[in-house]
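Okay, so here's the structure we're looking at.
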Amino acid sequence: MESTRLHTRLSRQFGLSAPLCLAPMALASGGGLAAAWARSGALALVGGGYGDLEWTQREYCGAVNELQSTPRGLSRLGCGFITWKLDQNCSAFDWLLDQSAKPAAVMLSFGDATPWIKRLSDRGIPAICQIQRADQLMPLIDAGASIIVAQGMEAGGHGMKCSLGRSTFTLVPELADILARISPNTMLLAAGGIADGRGLAASLMLGADGAIIGSRAWATTESLALIGAKQVAVSASGDDTMRSGIFDVLRGKEWPEPYDFRALRNSLHREWEGREAVLLADPHEARRRYEQAVKDADYDLAHVPIGEAVGTINDIPTSAELISRIVADAHERLARGLSGFPCVGGRLNITPPWL
């Protein structure tokens with residue numbers, strides 16, 4: 001069931017009832033989660049992540065099958081990839097572009113997206129490109145990106161290191177101003193720390209056309225994340241998260257500069273803080289402990305990939321319930337905020353486009 005409508009350029013282009021986009025979280029944003037978001041009126045991106053062909057085929061086709069009886073939902077289904085991994089293996093990307101159920105959009109994050117934007121453009125597929133700094137914007141505009149995602153350091157999982165990254169609250173309006181001057185038809189989405197109606201309302205007020213939801217979607221019933229990890233997140237605070245490369249080393253993921261990983265700061269993470277070089281030089285025993293913890297679902301050692309918004313996550317709802325809750329709250333807050341707009345004859349003479 002679709003939620004109360006908020007109208008933005010994003011919702012109009014993709015036929016959405018909510019200016020929300022599911023983050024394509026690797027190994028979490030599977031077909032079931034994407035289908036649930038698409039049915040609920042949001043843009044839904046399967047987490048193609050590292051480009052594993054078999055995983056992408058299974059989950060994308062699973063979402064397509066779930067949405068066959070919901071044409072509007074199927075028109076909201078897309079996928080996302082880690083860009084630097086596409087440079088090594090683009091088989092899943094190639095497969096996706098050849099599907100009869102053409103993706104509504106494809107998101108590219110972390111690396112040079114320009115050659116992939118052209119391939120998407122040639123197929124008439126909008127490219128959503130995620131950046132973490134204003135100086136990353138121009139090459140993507142020149143290449144023809146349809147949508148820019150401004151990702152703040154608050155985000156869970158991968159993002160830019162704190163020493164170089166930006167806050168969502170400052171990056172979004174800066175990019176909105178730049179796009180208004182040089183590429184007004186390019187849409188902007190906010191990402192990082194957005195988990196409820198307050199975050200969506202703030203994103204729209206800062207100049208975004210919508211918001212990407214990651215951590216909050218990760219902690220829903222349809223997410224592929226394990227229930228034990230979700231339960232740990234529900235009891236955590238934003239103070240409990242930290243950005244580093246420690247869990248990438250433990251997982252054997254060779255991420256390039258300048259990116260690292262935000263997760264809960266558990267005992268294994270604390271053990272290696274400030275000793276990352278030692279861990280990188282000889283990760284074998286620590287990696288063995290980590291891998292055993294994953295098998296045992298021991299989250300004092302295994303990682304829980306979650307952002308700073310975890311402190312506002314207090315339950316594990318269905319996606320439909322979550323989206324309805326976010327949009328209704330944002331609508332109410334935006335409408336309430338109009339009390340500061342000029343009035344004529346006791347009536348508002350300005351109506352923002354999202355209401």
Do L27 and L224 make a side-chain contact, defined as non-hydrogen atoms from C-beta onward lying under 4.5 Å apart?
no
So with a 6.0 Å cut-off around CD of E285, is the heavy-atom count from everything else above 12?
yes
Between the side chains of E291 and R251, is the shortest nitrogen-to-carboxylate-oxygen separation below 4.0 Å, so that they form an ion pair?
no
Does K118 come within less than 4.0 Å of D122, counting only side-chain N to carboxylate O?
yes
Please step through side-chain contact (heavy atoms from CB on, under 4.5 Å) for the pair L140 and I148, ending with a clear verdict.
CA-CA 8 Å; L140 300 177; I148 299 297; 4.1 Å; yes
Stepwise, does the side-chain contact (heavy atoms from CB on, under 4.5 Å) test hold for M138 with I182?
CA-CA 9 Å; M138 283 310 303; I182 67 170; 3.1 Å; yes
Look at D329 together with R333 and state whether they make a salt bridge at an N to O cut-off of under 4.0 Å.
yes
Main chain of A309, side chain of T312: is a donor-acceptor contact present, judged purely on distance under 3.5 Å?
yes
Can you sort out the partners of D52 under salt bridge (Lys or Arg N to Asp or Glu O under 4.0 Å), two or more places apart, ordered by chain and number?
none
Between R119 and D94, does any NZ, NE, NH1 or NH2 come within less than 4.0 Å of an OD or OE carboxylate oxygen?
yes
Is it the case that more than 12 heavy atoms not belonging to Y50 sit under 6.0 Å from its OH atom?
yes
Any cation-pi pair here, R275 with W272, using under 6.0 Å and within 45°?
yes
Are any of the side-chain nitrogens in E271 or R289 under 4.0 Å away from the carboxylate oxygens of its partner?
yes
Taking NZ, NE, NH1 and NH2 as the nitrogens, is one of them in R243 or D260 under 4.0 Å from a carboxylate oxygen of the other?
yes
Under-4.0 Å salt bridge between R270 and D300
no
By ring-ring contact (aromatic ring centres under 6.0 Å, His included) - contacts of Y259 (at least two apart)
F110
Ignoring hydrogens and angles, state whether a donor on the side chain of K85 or Q88 is under 3.5 Å from an acceptor on the partner side chain.
yes
Would you call Y60 and P103 a side-chain contact if the rule is heavy atoms closer than 4.5 Å?
yes
List for me each residue that meets ring-ring contact (aromatic ring centres under 6.0 Å, His included) alongside W84, sequence neighbours excluded, and say none if there are none.
W255
Exercise: do S319 and W37 side chains pair donor with acceptor under 3.5 Å:
yes
Should R216 and D315 count as an ion pair when the cut-off is N to O under 4.0 Å?
yes
Residues L200, L20; criterion side-chain contact (heavy atoms from CB on, under 4.5 Å); working and verdict
CA-CA 8 Å; L200 175 57; L20 294 172; 3.9 Å; yes
Taking atom types as modelled, is there a side-chain donor on T241 or R262 under 3.5 Å from an acceptor on the other?
yes
For A34 and L22, work out which heavy atoms get closest and say how close.
CA-CD2, 3.8 Å
Are any of the side-chain nitrogens in D209 or R9 under 4.0 Å away from the carboxylate oxygens of its partner?
yes
